[in-house]
Amino acid sequence: ISSRVCVGRTDMFRVGLIGNRAHQMLFGPIFEGRSDCRIVAAAEHNAEKARPLEQRFKVKCAADYNAVLEDPNVDFVCIATDFYLKRPLILKAIACGKHVLVDKPIGRSVAEAREIARAAEQARIKIVLTYPLRFQASLAKLAQAVHSGEYANVASFHHHWIRQYPDSDLMQYVSYPTPARINGGGELMNNGSHAVDYVYSVFGMPKRVHCLMENLYWDEYRPFGTEDFATLTCDYGSFSTRTVTGRTKVPRELPAVNTVDLVCEGRYVRIDNDDYTVNGERVAVPAAPLPPRDSTVQHLIDCITYDRAPQSGVHNGLAVAEIVTAAYQSAQCGDYVTLPLTDEKHPLISAADQTIDGFLD
């Protein structure tokens, strides 16, 4: 196993890029911009997706992921692939002693997430899921206030987390939509997993969930029976949270909608991206040392260097997988689904495909 699990190592981290789906071109430049990281290898089984990696990062891109995972000159890998590939790649990374940055989520199903969690228990490597909402200064302040008891007796929590794309070809922006067999669903599985992770990070595991899923904007999702919008209610007994997430179609490119309303004893808290008010009065939020996405990379490096437990590690990934699976079950049956699940099967994926080995393209 890599010697970099030792506390206090601060020299150069050699990074391998695995896959080129969506956010790899966002994380790669972060590694490039750090003085303690160097991209030394890359792999992508799809030749069309491999070429941009080679051109952008000036490294030879292998077709075989094992070429990077087994490379002794790689300290950690950044995995950004279709979701069905996460399980075999993370398991292989664990076996090879590589630390892992995973472009969320950890997988499509509870079965995949649970297998990864079991394998990681005895490993000395660090696995961090890229959930930048945790590191957004305003949302981090809210989470700390709830955890410390400053915001007591929470009555309600509403989060609108919506990506907004111009009214044009969706596939310019993301490798969506795809059959549920590949990526486990639509926007709740994809963009929505950020918001689900945030709710879990603040309030823990709900007692039960209810979810409505709809196609409101993008006809491209309909052939696959997946949603472009979801409304998720998490019941905690004394209060409920509501998360509205999805992908809108708008006339021009606009920033993401990221607003939170929290009502608790004596306070109404409103967050709109970085704007934070309590009872209508604006509250100063100390600036974060790094942008949220950069912070996920820094968090992995800190966990490696100082042997810390990740905030958004595999057990958090397993919790998100359970909540999201319960949400898809709820959307299918039209009723609340209790946690922990008695049936962990993802309803959009066949029993035989709850875990997959091999390529689907």
Side-chain angles (χ1 to χ4, degrees), residues 1-7 13-19 21 41 43 45 64-72 74-131 182-184 189 193 196-197 200-201 205 296-297 299-325 340-341 344-346 349 351-360:
I1 290 179
S2 169
S3 62
R4 291 184 182 276
V5 294
C6 298
V7 175
F13 290 90
R14 300 161 298 180
V15 183
L17 306 181
I18 300 287
R21 181 187 179 280
H45 79 278
D64 184 356
Y65 295 126
N66 289 331
V68 173
L69 293 166
E70 296 174 356
D71 187 342
V74 170
D75 298 306
F76 72 79
V77 293
C78 177
I79 297 178
T81 62
D82 282 326
F83 301 165
Y84 79 93
L85 286 170
K86 300 288 180 65
R87 168 186 155 270
L89 291 174
I90 297 172
L91 292 176
K92 178 72 174 184
I94 293 170
C96 292
K98 307 297 186 195
H99 306 292
V100 186
L101 187 74
V102 185
D103 178 30
K104 56 76 197 167
I106 200 169
R108 309 163 307 139
S109 66
V110 176
E112 290 177 342
R114 199 172 291 288
E115 188 174 353
I116 292 167
R118 283 197 297 264
E121 283 180 358
Q122 303 303 317
R124 297 178 61 230
I125 55 93
K126 307 298 181 182
I127 300 174
V128 167
L129 305 179
T130 59
Y131 284 122
I182 293 176
N183 283 325
M189 179 67 70
S193 69
V196 174
D197 173 76
Y200 175 74
S201 74
M205 187 65 77
T296 65
V297 174
H299 184 53
L300 173 62
I301 289 173
D302 287 344
C303 289
I304 296 169
T305 303
Y306 303 109
D307 196 22
R308 295 173 180 166
Q311 292 180 30
S312 53
V314 293
H315 291 289
N316 302 86
L318 174 58
V320 171
E322 291 183 87
I323 294 169
V324 169
T325 298
L341 291 171
E344 294 187 341
K345 291 192 293 295
H346 191 307
I349 305 173
D353 288 338
Q354 297 292 310
T355 62
I356 287 178
D357 291 303
F359 298 123
L360 294 180

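Along the sequence shown, residues are numbered consecutively beginning with 1. Note that the coordinates shown come from a computational prediction; the quantities given were computed from them, not determined experimentally.
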According to side-chain hydrogen bond (donor to acceptor under 3.5 Å, both in side chains), does anything in residues 108-117 pair up with another residue at least two apart or in another chain? List the pairs.
Arg87-Glu115, Arg108-Glu112, Arg114-Glu344
Could you tell me which non-hydrogen atom of [X] sits nearest to which non-hydrogen atom of [Y], and how far apart they are?
| X | Y | value |
| --- | --- | --- |
| Ala93 | Leu69 | CB-CD2, 3.9 Å |
| Thr355 | Ala111 | CG2-CB, 3.9 Å |
| His299 | Val128 | CD2-CG2, 4.0 Å |
| Ser193 | Lys104 | OG-CD, 3.4 Å |
| Ile18 | Thr81 | O-CG2, 3.8 Å |

Is His99 reaching over with its side chain to a backbone N or O of Ile304, donor-acceptor style, under 3.5 angstrom?
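No; zero donor-acceptor contacts below 3.5 Å.
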Non-neighbouring partners of Tyr84 that pass ring-ring contact (aromatic ring centres under 6.0 Å, His included), sequence neighbours left out
none
Decide yes or no for [X] and [Y]: does some side-chain heavy atom of the first lie under 4.5 Å from some side-chain heavy atom of the second?
| X | Y | value |
| --- | --- | --- |
| Ile79 | Tyr65 | no |
| Phe83 | Met189 | yes |
| Ile125 | Phe76 | no |
| Thr296 | Leu300 | no |
| Ile127 | Ile90 | yes |
| Leu89 | Val100 | no |
| Glu70 | Lys92 | yes |

My understanding is that only residues two or more places apart in sequence, or in another chain, count here; which of them pass salt bridge (Lys or Arg N to Asp or Glu O under 4.0 Å) with Asp353?
Arg181
Starting at CD1 of Ile94, measure out to CD of Glu121 and round the result to the nearest 0.5 Å.
10.0 Å
d(Ile349 CD1, Ile356 CD1) to nearest 0.5 Å is 7.5 Å
Check the pair Lys126 / Asp307 against side-chain contact (heavy atoms from CB on, under 4.5 Å), numbers first and verdict last.
CA-CA 8 Å; Lys126 307 298 181 182; Asp307 196 22; 2.8 Å; yes
Table please: side-chain donor-acceptor pairs of residues 315-324 below 3.5 Å, with sequence neighbours left out.
from, atom 1, to, atom 2, distance (Å)
Asn316, OD1, Gly313, N, 3.2
Asn316, ND2, Gln311, O, 3.3

Could you list the residues that satisfy side chain to side chain contact (heavy atoms under 4.5 Å, CB included) with Asp71, not counting sequence neighbours?
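Asp71 satisfies side chain to side chain contact (heavy atoms under 4.5 Å, CB included) with Ala41, Asn73, Val74 once adjacent residues are dropped.
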With sequence neighbours left out, the residues meeting side chain to side chain contact (heavy atoms under 4.5 Å, CB included) with Ala80 are Gln24, Asp103
Residues two or more places apart in sequence or in another chain: which of them pass side chain to side chain donor-acceptor pair (under 3.5 Å) with Asp302?
Gln298
Please enumerate all residues that pass side chain to side chain donor-acceptor pair (under 3.5 Å) together with Lys86, with sequence neighbours excluded.
none
What do the steps show when you test Arg21 against Leu85 for side-chain contact (heavy atoms from CB on, under 4.5 Å), and what is the final call?
CA-CA 11 Å; Arg21 181 187 179 280; Leu85 286 170; over 6 Å; no
